[in-house]
Number of protein chains: 2
Amino acid sequence: MLSKKTKYGLKALTFLASQKVKEPVQIAEIAKQENISQKFLESILLSLRKTGFLGSKKGKGGGYYLIKEPKEVLMTDVMRVLEGPIAMVPCVSLNFYEKCDDCPDEKSCSVNKLMLKVRDANLAVYRNSTLADLI
Amino acid sequence: MLSKKTKYGLKALTFLASQKVKEPVQIAEIAKQENISQKFLESILLSLRKTGFLGSKKGKGGGYYLIKEPKEVLMTDVMRVLEGPIAMVPCVSLNFYEKCDDCPDEKSCSVNKLMLKVRDANLAVYRNSTLADLI
DNA sequence: TGATTATCCTATTAAATCTATAGGGTAATA
DNA sequence: TATTACCCTATAGATTTAATAGGATAATCA
């Protein structure tokens, strides 16, 4: 299942990407428009800022804004920040590789074999999708 | 993340599929060979039996065995039983469709748009994989 | 028949994760 | 200097996952 965090994060990014005027948008505004708990959204936007997707401005007229052009924002990067590893098991993860405790040999592991295919399929989708494609 | 239930279930199915002699295999044997908690595996095998993947035999010489030929066992079916819906959000699920509370219009939803592609990619993998391919 | 074997089934608990909320701090603006 | 709006940590509630406990039931074989 996709976490609410990822769902809300994607909606917020899309919302910002579809703004005509490139001015900061307040958390409250995004939360209201997208039916998201404001406080929860706050923490999500914060993490998107810390990972370089968003910029922010404090005080009156402040809010969040996209740093890059929507077509420059790859879904692989967004998903890794919001949802975590794209692979369903650590032993097939490119960026978060970890060996399984139980499995003595990855080469002969059926789970490894299947999940490798799944990872590749998902990567292909995310690598071919940008924020611009979601609008 | 893939649940342990699914991971163990897949390993057990593969273990049974790779048996030379088609005789029932005891839970304890599978648990030992695959490093799985026996009691946990017990409940997993039970659910695989109830969903028509496995047969069982009680008493001495009893155990679990595959009902179909490995190449007849589709991963789409296995995954839906073990892991649940293949889709990451209910609004793009073929077999477990549900409308989102928050989202007013699926057609214009960015999450829906992206997750539809992901679902299709995953389905393609699972539809093209059988238990025989995992050995 | 009776002892043994192994699955069947329900309930419960422990741990982890996810989602949301609370409450105040900090910086920018007018 | 008052107001606005982001910043940050802590925590609680809910849900899911993983594992365990304990016994019931059915089949086999001596």
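A note on names: the letters A, B, ... follow the listed sequences, proteins ahead of strands, and every chain is numbered from 1.
Atom CD1 of Ile27(B) is separated from atom C1' of dT25(D) by 14 Å (rounded to the nearest Å). Counting to the nearest Å, the C1' atom of dT7(C) and the CD1 atom of Ile44(B) are 15 Å from each other. In this structure, Ile30(B) places its CD1 atom 13 Å from P of dA6(C), rounding to the nearest Å. When rounded to the nearest whole Å, the span between CD of Gln26(B) and P of dT4(C) equals 17 Å. Per the geometry, CG belonging to Leu48(B) stands 15 Å off C1' belonging to dC8(C), to the nearest Å. Distance CG (Asn35(B)) to P (dA19(D)): 12 Å, rounded to an integer number of Å. Atom CD of Glu29(B) is separated from atom C1' of dT7(C) by 16 Å (rounded to the nearest Å). dA19(D) atom C1' lies 12 Å from atom CG of Leu41(B), rounded to whole Å.
Atom-to-atom distance recorded for Leu54(A):CG and Ser47(A):OG is 8.5 Å, nearest 0.5 angstrom. To the nearest 0.5 angstrom, Thr51(A) atom OG1 is 9.5 Å from Ile67(A) atom CD1. Considering CE of Met75(B) and CG of Leu134(B), their distance stands at 4.5 Å, rounded to 0.5 Å.
Between Lys57(B) and the phosphate of dA26(D), there is no side-chain N or O to OP1/OP2 separation shorter than 4.0 Å. The phosphate of dA6(C) (OP1 or OP2) has no side-chain N or O of Ser56(B) nearer than 4.0 angstrom. Residue Arg49(A) places no side-chain N or O under 4.0 Å from the OP1 or OP2 atom of dA5(D).
Closest to the side chain of Lys60(A), out of dC7(D), dT4(D), dC9(C), is dT4(D). In this structure, the nucleotide among dT7(C), dT28(D), dC7(D) sitting nearest to the side chain of Tyr64(B) is dT7(C).
When the nearest nucleotides of DNA chain C are assigned to Lys58(A) and Val25(B) by heavy-atom distance, the more 5′-ward of the two goes with Val25(B).
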key: Verdict with supporting geometry, Phe40(A) and Lys5(A), side-chain contact (heavy atoms from CB on, under 4.5 Å)   = CA-CA 8 Å; Phe40(A) 191 23; Lys5(A) 179 184 175 185; 4.2 Å; yes
task = Evaluate the criterion salt bridge (Lys or Arg N to Asp or Glu O under 4.0 Å) for residue pair Asp133(B) and Lys71(B); output intermediate values, then yes/no.
result = CA-CA 7 Å; Asp133(B) 299 318; Lys71(B) 66 176 178 181; over 6 Å; no
message = Generate the contact string for nucleotides 18-24 of chain C. Rules: B means base contact, S means sugar-phosphate contact only, - means no protein heavy atom under 4.0 Å.
response = -SSBBBB
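Using a cut-off of 4.0 Å between Lys/Arg side-chain N and Asp/Glu carboxylate O, Lys32(B) and Glu29(B) are scored as not salt-bridged.
Using modelled atom types and a 3.5 Å distance limit, the side chains of Ser3(B) and Glu83(B) yield a donor-acceptor pair.
Note on Lys50(B): only backbone sugar-phosphate atoms sit closer than 4.0 angstrom, heavy atoms only; bases stay farther off.
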